[in-house]
Structures are given as structure tokens and as C-alpha cells.
Number of protein chains: 2
Amino acid sequence: MKVTRNTTAKTAVLEVFEKSKTALSHTEIQKQLNNVCDRVTIYRILDRLVNDDIIHKISNLDGTVKYAKCNHSHQRVHIHNHAHFSCENCHEITCLETVKPSYIMPHNYKVNEINFTLSGLCPKCLNSNI
Amino acid sequence: MKVTRNTTAKTAVLEVFEKSKTALSHTEIQKQLNNVCDRVTIYRILDRLVNDDIIHKISNLDGTVKYAKCNHSHQRVHIHNHAHFSCENCHEITCLETVKPSYIMPHNYKVNEINFTLSGLCPKCLNSNI
DNA sequence: AATTTAACGCAACAATGTTGCAATTGATTT
DNA sequence: AAATCAATTGCAACATTGTTGCGTTAAATT
């Protein structure tokens, strides 16, 4: 098996995630990194972190892709089946770790993963009367 | 209010949707149209059809965007809150019109729209023992 | 048939993501 | 501490996807 290394670029990316309470796009991460590393390197780090189950990928309704740190606090095996909220006003994406949808599937489908994104107004924007 | 016109390009795009049982990406539509119109025109037609509530936009887990015809059969006012299934093997996306998730939201969020995508194996691929 | 303007084609651009390859550097071994 | 190995990086080049401006075309109405 491949050994993964703790490089300065990877550490820097992880710090950005640590500081952020919301999900981040590649571009947002790049801006915060301030030329710590190349654009391509960020893509590769994100790929690795997703593979290692350290972050997860979220694709938004408008087609944009964001990443967020996984919260492993309570589970041994991490499951990504929680919901995300996408604010139409500030465009922030937050994980709704407590929201787990229930649903009934037709027969003959094998479900491996679910993606549940709700959009509307987040508490912050709702309170400022948009 | 703007008047929308029935152009040959728009009719051709609608025919492609009519023939297809699954959701289609811009690229897939373009291939089926065989130079009926320009690439840009397809984008503009898709935008119009989404606005007119004739098709809906689905953004997939992997970041790809697809479109599918809306099924207005039983409702007056169309709601897009049904689930989609994305097959990991054949990459087809189908609407699961009957699947509607139930969930409980934290306070202070205003939900306008939901996107619920399940991925795994569709009946066709499940039966061929992948 | 004339008129109006929605829709179109084309070109050019912007954003996002990918790939190949030589150089670098983290981790391990000697 | 130096040598070794390969994971990781930077750079350049490319691919894909989506957008915008503008002059032209063609639906729909008069």
C-alpha cells in the first residue's frame, strides 16, 4: 500500500479546513493559501484527502464543488450520509450533521451513498431580513 | 412578459428528452443533436427550459450536471423535490419520482429547495452481476 | 408582406479540472 | 548523518464546461 506523507502543502490545506466552519471550494482554498503551493497541487491534495476519508466532497445545486472536513467524533466507520445546507444568499455550505433523511426505495436498487442538499436561507441571512 | 418561440433547435432538444428515459448532460444532448445547432444555443435552450419549468437541473455527486424532463402529470404546481438515482456503473441518472425523503431541520433555516441524490447500482447493472 | 424582437451562430473568453514529466523532498534504512 | 526510495510537487500544456458580446436570422404577430 502507498504511504502518504505529511508535506507542508498538505498541512497548510488541513489548517485551512480546521479554521473554516463551512465547506470550501478549490478556489477559496487557493486564496487562503497565498501561494504556498501550485493550483494543481491543491487538486491533488484534495483528491488524496477525499480518498483517505479526511474530507468529503459536496457538489452543489448550481454545479459548484466544495469540500469539508469529516467529523469522525462518534463513529468508527465514517459515513457521509448527512445533509448539507446551501445558503442562496451568502452561498455558504454547512454540514447538517444531525439531519439524516429517511426514505423508501423501489426494489432492485443497491444504494451505496446518498447526497442530501437543502438550499434556502441560513440562520445568519434569515435574521438579517433579506 | 417575454414571448418564447418554438424554434427548430428547441423542438429538437425536446425530442431528445422525450426519447430518453434518463437524465442527459449538455454533451450527451449535443451528440444526439448532430449539429442541428451550435453548442452555445443548447446552453441557452437548456436555461430557458429550466426557467419555464419544462426540464430540471440535477447536479451529480461527481460534479457533473444533467437535465431531465419534468413529470407534471399529477400536480398543478410542479415541485422538484423528488430523488434521483445515479448508477456508479453505467452512470445513468434516473428520476425516482416516488421517493420523497422525510427529515427534521434545525431551527432558523428556511428551506426553499432540496436535492436528494442516491448512488449505487441501478436494477439493470445489479442484475448483470457487476 | 412588413414588422418586431426572440433566438441564433460565431468568436473569444473564463473557470475548472487533468496529465506528463522532470525536480524536489519526506520518511526510512544503512 | 548520509544514502536511498518513491511520494509529492511545479510547470507547462491541454481538455472540458460554461459565459458573453454582437451582428444576423427567423418565428410570430400585425
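- Members clustered with A:Ile104: none, using a 4.5 Å side-chain heavy-atom cutoff among hydrophobic residues.
- Here the side chain of B:Lys100 pairs a donor or acceptor atom with the backbone of B:Glu97 at under 3.5 angstrom.
- Mapping B:His26 and A:Ala9 onto DNA chain D by nearest heavy atom places A:Ala9 at the nucleotide closer to the 5' end.
- Rounded to 10 degrees, the angle separating the terminal axes of the helix from C:dA1-D:dT30 to C:dT30-D:dA1 is 30°, with each axis obtained from five end pairs.
- In terms of heavy atoms, A:Pro101 sits closest to B:Phe116 at CG-CE1, 3.9 Å.
- With salt bridges taken as basic N to acidic carboxylate O contacts below 4.0 Å, one links B:Glu28 and B:Lys66.
- Between the side chain of B:Asp38 and the main chain of B:Val40, a donor-acceptor pair closer than 3.5 Å is present.
- Under the ring pair (Phe, Tyr, Trp, His ring centres under 6.0 Å) criterion, the residue pairs touching residues 11-30 of chain B are B:His26-B:Tyr43, with sequence neighbours excluded.
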Salt bridge (charged side-chain N to carboxylate O under 4.0 Å, His left out), that's the test. Do B:Glu92 and B:Lys21 meet it? Break it down for me.
CA-CA 10 Å; B:Glu92 274 189 7; B:Lys21 292 173 82 173; over 6 Å; no

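- Side-chain contact, B:Ser102 with A:Ser102: a donor N or O sits under 3.5 Å from an acceptor N or O.
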Where protein sits on nucleotides 24-30 of chain D, one letter per nucleotide: B base, S sugar-phosphate only, - none, heavy atoms under 4.0 Å:
--BBS--

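- Between B:Gln30 atom CD and D:dG18 atom P there is a gap of 11 Å when expressed in whole angstrom units.
- Of the possible donor and acceptor atoms, none in the side chain of A:Thr41 sits under 3.5 Å from a partner among the backbone N and O of A:Cys37.
- Of all the residues in residues 34-44 of chain B, B:Arg39, B:Val40, B:Tyr43, B:Arg44 reach under 4.0 Å from DNA chain D with at least one non-hydrogen atom.
- Placement of A:Leu46 and A:Val65 within a single hydrophobic cluster is found when ILVMFWY residues are connected by side-chain heavy-atom separations under 4.5 Å, directly or transitively.
- In this structure, A:Lys10 and A:Ile45 approach most closely via the heavy-atom pair N-CD1, 3.6 Å.
- Of the residues in residues 13-20 of chain B, none lies under 4.0 Å from DNA chain D by heavy-atom distance.
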